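Numbering starts at 1 and runs along the sequence shown. All figures in this text were calculated on a predicted structure; none of them were measured in a lab.
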Amino acid sequence: AAMSRKGVKLLVDSLTRSSKHFNKSEVECLVNLFDTLVARASSHFAGAGFDRTVFRDTLHSAFGMTDDGVLDRVFSTFDKGNRGCITVVEWVEGLGVLLRGTLEEKMKYCFAIYDLNGDGYISKEEMFQMLKNSLLIQPADEEPDEGVKDLVEIALKKMASTYLFVPFLLQDHDHDGKLSFTDFEKAVREEKLLLEAFGPCLPDIK
């Protein structure tokens, strides 16, 4: 059901107080947009939020994000309650990080996108899954996956060669091909371009 004007004002005031990245007028705009998106969503959520399809369509049209796998991961990072829909609080907080997050917030966000199974590490298999859609494969290629494997190795070597970054195999004591958040953070702080090393998951500056 539509929220009363007083209810909307209280919601905006609350979100403005808790938001680190948006002022009151911006929060009002985001709440209005949220209501518009909820109206497009499945009634299954009874007005509490909007679904994955609406979320993906919105990020695609607003930010040009087109990779379905990445968009599904972004949805999961927004959907902190794991309800299958985005609530107004998750909407405002998620966009705060996506659009205006600090480097620390964006590192945590990107790492969570790439850590597909949520075990606290990015494995070579997860890197492969994230990167495999980023190559334009020619029809004549007999082994298209080989190019992706090469990309994974290049990314790891690049991270290992950054200043103050301990080489990957020295950190990976049991040689199971996993990258911890600490490893990722060290590399990104030295070379910020590595923030999206395993696939674009942030809007570009434009």
Is [Y] paired with [X] through a side-chain N to carboxylate O contact shorter than 4.0 Å?
X: R73; Y: E126; value: no
X: E26; Y: R100; value: yes
X: K20; Y: E105; value: yes
X: R56; Y: D72; value: yes
X: E185; Y: R189; value: yes
X: R17; Y: D13; value: no

>> Looking at every heavy atom in both A197 and L131, which two are closest together, and how far apart are they?
In response: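 Scanning both residues completely, I find the closest heavy atoms to be O-CD2, 3.8 Å.
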What's the separation between atom [atom1] in [X] and atom [atom2] in [Y], rounded to the nearest 0.5 Å?
X: I122; Y: N117; atom1: CD1; atom2: CG; answer: 10.5 Å
X: F181; Y: K186; atom1: CZ; atom2: NZ; answer: 12.0 Å
X: L103; Y: K108; atom1: CG; atom2: NZ; answer: 11.0 Å
X: E93; Y: L30; atom1: CD; atom2: CG; answer: 12.0 Å

>> Once side chain to side chain contact (heavy atoms under 4.5 Å, CB included) is applied, do any residues pair with T36, and if so which ones, sequence neighbours excluded?
In response: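 By the side chain to side chain contact (heavy atoms under 4.5 Å, CB included) rule, T36 matches R40.
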> Using the ring of each side chain (for Trp, its six-membered ring), is F184 parallel, tilted or perpendicular to Y114, with breaks at 30° and 60°?
Replying inline: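 Perpendicular: the ring planes of F184 and Y114 meet at over 60°.
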>> Using 30° and 60° as the class boundaries, would you call the ring planes of F55 and F50 parallel, tilted or perpendicular?
In response: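 The arrangement is parallel - the two ring planes meet at less than 30°.
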What I'd like to find out is whether the side chain of [X] reaches to under 4.5 Å of the side chain of [Y], using heavy atoms alone.
X: R52; Y: L71; value: no
X: F34; Y: V92; value: no
X: Y109; Y: C201; value: yes
X: K192; Y: K106; value: no
X: S180; Y: D183; value: yes
X: N23; Y: T16; value: no
X: D119; Y: K178; value: yes
X: C110; Y: L202; value: yes

>> Is it the case that atom CZ in F75 sees more than 12 heavy atoms from other parts of the structure closer than 6.0 Å?
In response: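 Buried by this count: over 12 neighbours within 6.0 Å.
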>> Before you tell me yes or no, could you show the steps for L195 and L193 under side-chain contact (heavy atoms from CB on, under 4.5 Å), namely the whole-Å CA-CA distance, both residues' side-chain angles and the distance that decides it to 0.1 Å?
In response: CA-CA 5 Å; L195 184 62; L193 290 175; over 6 Å; no
>> Run the side-chain contact (heavy atoms from CB on, under 4.5 Å) test on F63 and L99 for me, step by step, so that the C-alpha distance in whole Å, both residues' side-chain angles and the decisive distance to 0.1 Å come before the verdict.
In response: CA-CA 10 Å; F63 307 132; L99 298 175; 3.6 Å; yes
> Would E125 and M130 satisfy side-chain contact (heavy atoms from CB on, under 4.5 Å), going step by step from the backbone distance to the final call?
Replying inline: CA-CA 9 Å; E125 291 75 18; M130 294 301 298; over 6 Å; no
Would the distance check show the side chain of [X] and the main-chain N or O of [Y] forming a donor-acceptor pair, the cut-off being under 3.5 Å?
X: W91; Y: I86; answer: no
X: E90; Y: T87; answer: yes
X: N32; Y: E28; answer: yes
X: T77; Y: V74; answer: yes

>> Membership question, hydrophobic clusters at under 4.5 Å side-chain separation (ILVMFWY): are L116 and Y121 in the same one?
In response: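 Per the 4.5 Å side-chain linkage, Y121 and L116 are not co-clustered.
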> Do F22 and L10 belong together in a cluster built from hydrophobic side chains that touch within less than 4.5 Å?
Replying inline: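 No, F22 and L10 fall in different hydrophobic clusters.
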> For residues D51 and T53, is any side-chain donor paired with an opposing acceptor at under 3.5 Å?
Replying inline: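 D51 vs T53: no donor-acceptor pair found between side chains.
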>> Checking S76 against D79: is there a side-chain donor and acceptor pair closer than 3.5 Å?
In response: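 The answer is no; no qualifying pair exists.
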